[in-house]
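Let me begin by presenting the structure, written as structure tokens, before commenting on it.
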Amino acid sequence: METVLLYLGYFFVSLGAVFLFLGAFGIFRMPDFYTRLQAGTKSSTLGAMSLILGVGLMQPEWFFKTLIIIIFIAISNPISSHALARGAYKTHQKPLTDTIDAYEEVVKEDETKNEEE
Amino acid sequence: MENVSNISKLIYTWIILFIVWLAFTSTLATEEVVTGMFVSMIVALLSFRFFTGTGLSVFTPRKVLYLIQYFFVFIAALIKANFHVAKIVLSPKLPINPGIVEFETNLKSDFAKMVLANSITLTPGTFTVDIVENRYYIHWLEVSATDEESVYKEIAESFEKILLKIYE
């Protein structure tokens, strides 16, 4: 049983490392801020989650603690990416797009309102 | 949603905090459990007003089943999202077509909106930029449709269907 858990742990840690690497590679290859954020958020979330789960499987007495860390990552990581994206847009970091930018109007409206005040 | 009694909120907070305590100590020794009950009660008394908007009403069997279903839908989407990003990153041509789309949600409670926003962020090729009232602004890596109907169908429907049953 312990060996099985150990090897499962190795598997998840390696998987996490691969996803984290792909995330870093994505940040390197993507053309603008928002697409980089896409690559960064997704891979780092699953990468960190599976890495930590692997550690929990290797050390069964830590398993529940690692579960709590995983839940915390699942909640906090997307929120930080919302904050980054919103902050970037409000400081005029234009997204690279050929199709549609629905958010532009909202920001413009906000800004004119602020100026009036 | 607003008229949840304080006692229900308090008990809900207490239960969640106590489960977290049990997970952190990872033991069922009597002194640890008793201390945990006292400590989580004190923290619950201080924080229950901000901790939950739903109280115990999410703990009906039907809603718990939907929560479990949501969990699996979410994990599947998360794994799919990662392979999706991996595929894009590794393909030499970098096949992306980014843009920011919008759609309207039927959810009412703030907490449900937050859960939906987080779920969208962790699913293939999309993340939430902002929520204004009940309009979501989503950055999409591969825009395949720009009208609200099909955007909603493509991105949010599978999550929102379950969330509506849990929180409304």
Side-chain angles (χ1 to χ4, degrees), chain A residues 15 18-19 21-35 37-43 45-47 49-50 60-68 71 74-82 84-86 88-90 95-107 109-110, chain B residues 19-27 71 74-75 77-92 94 96-103 114-115 117-132 135-148 151:
Chain A
L15 195 73
V18 170
F19 278 129
F21 169 75
L22 285 174
F25 196 53
I27 291 173
F28 177 69
R29 282 204 69 193
M30 291 294 190
D32 81 326
F33 177 82
Y34 299 91
T35 48
L37 202 57
Q38 290 264 18
T41 322
K42 289 187 178 75
S43 341
T45 311
L46 192 68
M49 278 161 99
S50 104
E61 66 266 37
W62 294 353
F63 184 71
F64 291 105
K65 294 177 203 190
T66 57
L67 273 191
I68 291 196
I71 293 169
I75 297 171
S76 65
N77 216 334
I79 291 177
S80 67
S81 82
H82 303 171
L84 278 173
R86 193 159 170 272
Y89 207 111
K90 300 238 157 154
L96 186 78
T97 174
D98 302 327
T99 43
I100 183 172
D101 185 356
Y103 191 49
E104 200 171 15
E105 297 162 24
V106 184
V107 175
E109 262 173 40
D110 260 16
Chain B
I19 291 171
V20 172
W21 172 277
L22 284 181
F24 264 130
T25 54
S26 300
T27 164
F71 176 77
F74 174 72
I75 292 289
L78 179 58
I79 292 168
K80 222 166 73 188
N82 273 272
F83 282 104
H84 179 252
V85 168
K87 207 177 78 191
I88 290 175
V89 166
L90 292 177
S91 59
L94 209 62
I96 55 171
N97 175 28
I100 296 180
V101 295
E102 60 179 331
F103 71 86
M114 189 205 78
V115 175
N118 276 8
S119 310
I120 287 170
T121 300
L122 293 176
T123 51
T126 52
F127 76 78
T128 316
V129 177
D130 200 0
I131 308 172
V132 183
R135 305 190 69 76
Y136 279 67
Y137 295 88
I138 310 281
H139 183 271
W140 199 357
L141 211 50
E142 290 171 309
V143 178
S144 58
T146 50
D147 61 301
E148 277 182 37
V151 166

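Here is how names work: the chains are called A, B, and so on, in the same order as the sequence lines, proteins then strands, and each is numbered from 1. These figures come from a predicted structure and were not determined experimentally. In what follows, every heavy atom counts, from backbone to side chain, and hydrogens, waters and symmetry copies are set aside.
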Atom CZ of A/Phe64: over 12 foreign heavy atoms under 6.0 Å: no
Nearest heavy atoms of B/His139 and A/Tyr34, plus distance in Å: NE2-CB, 3.3 Å
Among B/Val85, B/Thr126, B/Thr25, residue most engaged with chain A (heavy-atom pairs, under 4.5 Å): B/Thr126
Spacing of A/Thr66 atom OG1 and A/Ile71 atom CD1 [to the nearest 0.5 Å]: 10.0 Å
Among B/Leu22, B/Leu90, B/Val101, residue most engaged with chain A (heavy-atom pairs, under 4.5 Å): B/Leu90
A/Phe25, part contacting chain B, at a heavy-atom distance under 4.5 Å: both
Structural part of B/Ile131 lying under 4.5 Å from a heavy atom of chain A: neither
Toward chain A, the part of B/Ile120 with a non-hydrogen atom under 4.5 Å: neither
Side-chain (A/Ser43) to main-chain (A/Gly40) donor-acceptor, under 3.5 angstrom: no
Distance, nearest 0.5 Å, that separates CD1 of A/Ile68 from CH2 of B/Trp21: 11.5 Å
Which atoms of A/Glu61 approach chain B - backbone, side chain, both or neither, heavy atom under 4.5 Å: backbone
Interchain contact, A/Ile79 with chain B, by part (heavy-atom threshold 4.5 Å): both
Interchain contact, B/Ser119 with chain A, by part (heavy-atom threshold 4.5 Å): neither
Worked check of side chain to side chain contact (heavy atoms under 4.5 Å, CB included) between B/Leu78 and A/Met49: CA-CA 11 Å; B/Leu78 179 58; A/Met49 278 161 99; 4.0 Å; yes
Atom pair CH2 (A/Trp62) and CG (A/Leu67), whose distance is rounded to the nearest 0.5 Å: 14.5 Å
Portion of A/Thr35 that has a non-hydrogen atom of chain B nearer than 4.5 angstrom: both
B/Val20 portion near chain A, given a 4.5 angstrom heavy-atom threshold: both
Worked check of side chain to side chain contact (heavy atoms under 4.5 Å, CB included) between A/Tyr89 and B/Asp130: CA-CA 10 Å; A/Tyr89 207 111; B/Asp130 200 0; over 6 Å; no
Selection from B/Ile138, B/Asn82, B/Thr121, B/Leu141 maximising heavy-atom pairs under 4.5 Å formed with chain A: B/Asn82
B/Val132 portion near chain A, given a 4.5 angstrom heavy-atom threshold: side chain
